[in-house]
Q: 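The structure under discussion is supplied below as structure tokens; questions concerning it will follow.
Per chain, numbering begins at 1; letters A, B, ... match sequence-line order. Because only heavy atoms are used, hydrogens play no part in the values below, and waters and symmetry mates are left out as well, while side chains stay in. Since this is a predicted model, take the numbers as computed values, not measurements.
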There are 2 protein chains.
Amino acid sequence: MDSFKNTADSSTEEKIKAAARTVFHKKGFAASRTRDIAEEAGINLALLNYYFRSKEKLFVLVMIETLTEFFGSVSVIINNPETTFEEKIEQFAAGYIDLIFREPDIPLFIMSEIRNNPEQLLQKVDIRNTVFNSVFMQQFTEAMQQGKIKDQNFLHFMMNFVGLIVFPFIGKPLLKAISGLTEEQFNMLIEERKKLIPVWIKAMMN
Amino acid sequence: MDSFKNTADSSTEEKIKAAARTVFHKKGFAASRTRDIAEEAGINLALLNYYFRSKEKLFVLVMIETLTEFFGSVSVIINNPETTFEEKIEQFAAGYIDLIFREPDIPLFIMSEIRNNPEQLLQKVDIRNTVFNSVFMQQFTEAMQQGKIKDQNFLHFMMNFVGLIVFPFIGKPLLKAISGLTEEQFNMLIEERKKLIPVWIKAMMN
DNA sequence: GTCTATAACGTGATAGAC
DNA sequence: GTCTATCACGTTATAGAC
């Protein structure tokens with residue numbers, strides 16, 4: 001059993017996968033070249049195919065990991081039975097903004113690639129039950145029945161909520177061009193939104 | 001002066017440009033092939049290069065037209081001196097949703113391509129002055145000074161407003177996968193938002 | 001496992017006949 | 001102006017030495 005020689009993290013395989021993440025996230029599948037990924041990983045092009053067989057197989061792997069990470073981290077917050085509806089709103093907003101801060105290319109990446117290949121990519125990760133049947137949705141329904149928030153469609157609510165969080169990252173290049181904001185100013189603006197979004201969302205619900 | 005033989009609309013040149021719009025909007029620059037565009041236009045590949053010299057030149061042309069159309073139509077609403085701030089909010093929401101309804105691929109297309117090439121693409125269309133120095137922004141500032149709305153950052157306001165309008169179209173593939181919505185149900189939801197977004201936005205401002 | 005060299009293929013672009 | 005045929009090139013993928 002000499003199976004610990006190339007286990008996980010710093011192995012060549014992981015180096016390539018990490019490089020692929022970076023490149024795919026930034027440029028999308030079609031515009032990414034395997035040469036770029038190999039270079040980013042500091043290895044030879046042939047090695048990439050040795051480990052992953054093809055560009056597409058590598059891409060699907062990255063996509064699954066990205067989706068799992070992205071929706072998995074929500075799932076924890078959204079299905080915590082210990083926190084109230086309002087606490088979830090605050091944790092969701094702050095947690096998600098932090099997550100996207102670390103990898104700001106993810107939202108646009110996911111949206112673009114899913115558009116090109118909806119069924120094939122989404123059936124690999126069960127997103128549906130992460131959101132529906134969540135504790136969060138139950139608490140939303142309860143709050144409505146108890147008259148704590150006004151009658152409204154959960155889908156509208158989620159679109160608004162996620163949109164407020166994610167849209168600035170998707171529109172960032174445009175926003176910077178229009179406003180002349182520096183990177184730091186943009187980051188400060190986003191940081192402010194952690195506190196502001198819960199306030200706005202509550203205002204919209206009443 | 002026999003200059004009216006191939007003027008504008010139904011000429012071959014226009015057919016190619018229209019096809020290029022469709023294909024580029026749907027797949028982006030990198031994933032679009034000139035062969036696809038030629039086929040969509042019902043002409044031969046060689047003709048595309050005869051009229052437009054290269055894929056990139058054709059793309060830039062399409063991009064400029066798209067940006068001009070997209071931001072030009074806002075400009076009219078946003079700079080109308082005859083309407084109030086509240087009227088502009090309603091017209092902006094309804095008008096923009098109608099526009100995107102007709103060409104739902106545009107938002108994601110613009111965001112993706114601008115990310116890949118911010119400076120080069122944006123300097124061709126002066127978006128900045130469309131939004132800043134607009135009558136809309138002046139009215140926003142006035143309303144704030146008069147205490148009609150609470151103190152807040154215009155950029156936050158615009159991100160929220162545009163996000164509420166545009167995000168559902170960007171997130172559409174994901175939303176449909178998560179919710180199981182049909183195309184018609186999705187359209188109905190969006191139609192509702194024409195009325196709802198102004199209500200929400202006003203609630204957020206107070 | 002890792003490399004160099006090269007094959008196989010797809011795509012943008014052009015030559016030249018009509 | 002429009003087509004067919006073909007070139008030229010970049011990119012993915014593999015063969016084979018080490």
Q: Can you give the donor-acceptor pairs under 3.5 Å from side chains of residues 102-113 of chain B to other protein atoms, not counting sequence neighbours?
A:
unit_1   : atom_1 : unit_2   : atom_2 : d
B:Glu103 : OE1    : B:Arg21  : NH2    : 3.0
B:Glu103 : OE2    : B:Arg21  : NH2    : 2.6
B:Ser112 : OG     : A:Ser112 : OG     : 3.3
B:Ser112 : OG     : B:Leu108 : O      : 2.8
B:Glu113 : OE2    : B:Phe29  : N      : 3.0

Q: What's the NZ-P distance between A:Lys15 and C:dG1, to the nearest Å?
A: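 Going from A:Lys15 (NZ) to C:dG1 (P), I get 13 Å.
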Q: Are B:Leu174 and A:Ile127 packed together at the side-chain level, in the sense that at least one heavy-atom pair is separated by less than 4.5 angstrom?
A: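 When only atoms from C-beta onward are counted, A:Ile127 and B:Leu174 do touch, with a gap below 4.5 Å.
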Q: How many Å lie between NZ on B:Lys55 and P on C:dA13, as a whole number?
A: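 Whole-Å distance recorded here is 8 Å.
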Q: Find the distance B:Leu48:CG to D:dT4:C1' and express it as a whole number of Å.
A: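 Computing the B:Leu48:CG to D:dT4:C1' distance gives 16 Å.
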Q: How many Å lie between CD on B:Glu56 and C1' on D:dC9, as a whole number?
A: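 Value for this atom pair: 16 Å.
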Q: Test of understanding: with ring pair (Phe, Tyr, Trp, His ring centres under 6.0 Å), list the residues that count as partners of B:Tyr50, not counting sequence neighbours.
A: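 Residues passing ring pair (Phe, Tyr, Trp, His ring centres under 6.0 Å) with B:Tyr50: none at all.
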Q: Of all the nucleotides listed (C:dC3, D:dA13, D:dG1), which has the minimum atom distance to the side chain of A:Leu47?
A: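 Of C:dC3, D:dA13, D:dG1, C:dC3 is nearest to the side chain of A:Leu47.
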Q: Distance-only, no hydrogens or angles: does the B:Glu87 side chain make a donor-acceptor pair with backbone N or O of B:Thr84 under 3.5 Å?
A: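 Yes, the answer is positive, given that a donor and an acceptor are paired below the 3.5 Å cut-off.
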Q: Take atom CG of B:Asn49 and atom P of D:dT4, then tell me their distance rounded to the nearest Å.
A: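 Checked: the CG to P distance equals 15 Å.
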Q: I need the OH-P distance between A:Tyr51 and D:dA13, as an integer number of Å.
A: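 Between P of D:dA13 and OH of A:Tyr51: 18 Å.
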Q: Evaluate the side chain to side chain contact (heavy atoms under 4.5 Å, CB included) criterion for residues B:Met63 and B:Asn117: first the C-alpha distance (whole Å), next the side-chain angles of each, then the deciding distance (0.1 Å), finally the verdict.
A: CA-CA 11 Å; B:Met63 184 48 117; B:Asn117 229 327; over 6 Å; no
Q: Considering residues at least two apart in sequence or located in another chain, which fulfil the ring pair (Phe, Tyr, Trp, His ring centres under 6.0 Å) criterion with A:Phe24?
A: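 Result, ring pair (Phe, Tyr, Trp, His ring centres under 6.0 Å) vs A:Phe24: A:Phe59.
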Q: So, does B:Thr12 get its side chain near the phosphate of D:dG1, meaning an N or O under 4.0 Å from OP1 or OP2?
A: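 For B:Thr12, the contact criterion (side-chain N or O under 4.0 Å from OP1 or OP2 of D:dG1) is not met.
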Q: Suppose we screen for side chain to side chain donor-acceptor pair (under 3.5 Å). Which residues come up paired with B:Thr66, at least two apart in sequence or across chains?
A: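 Listed in chain order: B:His25.
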Q: Tell me every residue that passes side chain to side chain donor-acceptor pair (under 3.5 Å) with A:Gln152, counting only those two or more places apart in sequence or in another chain.
A: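 Expected list: none.
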Q: So if I take every side-chain heavy atom of B:Arg33 and compare against D:dT2, C:dT2, C:dT11, which nucleotide ends up nearest?
A: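 Out of D:dT2, C:dT2, C:dT11, the nucleotide with an atom closest to B:Arg33's side chain is C:dT11.
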Q: Using five pairs at each end of the helix from C:dG1-D:dC18 to C:dC18-D:dG1 to define an axis, what is the angle between those two axes, to 10°?
A: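 About 10° separates the two local helix axes.
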Q: In whole Å, what is the span from the CZ atom of A:Arg53 to the P atom of C:dG1?
A: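 It is 16 Å, rounded to the nearest whole Å.
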Q: I'd like a table of donor-acceptor pairs (distance under 3.5 Å, sequence neighbours excluded) in which one partner is a side-chain atom from residues 91-100 of chain A, with atom names and distances.
A:
unit_1  : atom_1 : unit_2   : atom_2 : d
A:Tyr96 : OH     : A:Phe70  : O      : 3.0
A:Asp98 : OD1    : A:Lys194 : NZ     : 2.8

Q: Pairs under 3.5 angstrom only: tabulate donor-acceptor contacts from the side chains of residues 154-162 of chain A to other protein residues two or more places apart or in another chain.
A:
unit_1   : atom_1 : unit_2   : atom_2 : d
A:His156 : ND1    : B:Arg193 : NH1    : 3.0
A:His156 : NE2    : B:Glu192 : OE1    : 2.9
A:Asn160 : OD1    : B:Arg193 : NH1    : 3.1
A:Asn160 : OD1    : B:Arg193 : NH2    : 2.6
A:Asn160 : ND2    : A:His156 : O      : 3.2

Q: Starting at the 5' end of nucleotides 4-9 of chain C, put B wherever the base has a protein heavy atom under 4.0 Å, S where only the sugar-phosphate does, and a dash everywhere else.
A: B-----
Q: Tell me: CD1 of B:Ile16 to C1' of D:dC3, nearest whole Å?
A: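 Atom-to-atom, B:Ile16 to D:dC3, this comes out as 13 Å.
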Q: Not counting sequence neighbours, list each pair that qualifies as a side-chain hydrogen bond (donor to acceptor under 3.5 Å, both in side chains) and has a residue in residues 164-179 of chain B.
A: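 Every side-chain hydrogen bond (donor to acceptor under 3.5 Å, both in side chains) pair that includes a residue of residues 164-179 of chain B, provided the two are not neighbours, is B:Lys172-B:Glu183, B:Lys176-B:Glu183.
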Q: By ring pair (Phe, Tyr, Trp, His ring centres under 6.0 Å), which residues pair with B:Phe71, not counting sequence neighbours?
A: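 Not a single residue meets the ring pair (Phe, Tyr, Trp, His ring centres under 6.0 Å) criterion with B:Phe71.
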Q: Side chain of A:Tyr50: nearest nucleotide among C:dT2, C:dA13, D:dG1?
A: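 Ranking C:dT2, C:dA13, D:dG1 by closest atom to the A:Tyr50 side chain puts C:dT2 first.
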Q: Where along residues 21-29 of chain B does a heavy atom come under 4.0 Å from DNA chain C, residue by residue in number order?
A: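 DNA chain C contact set from residues 21-29 of chain B: none.
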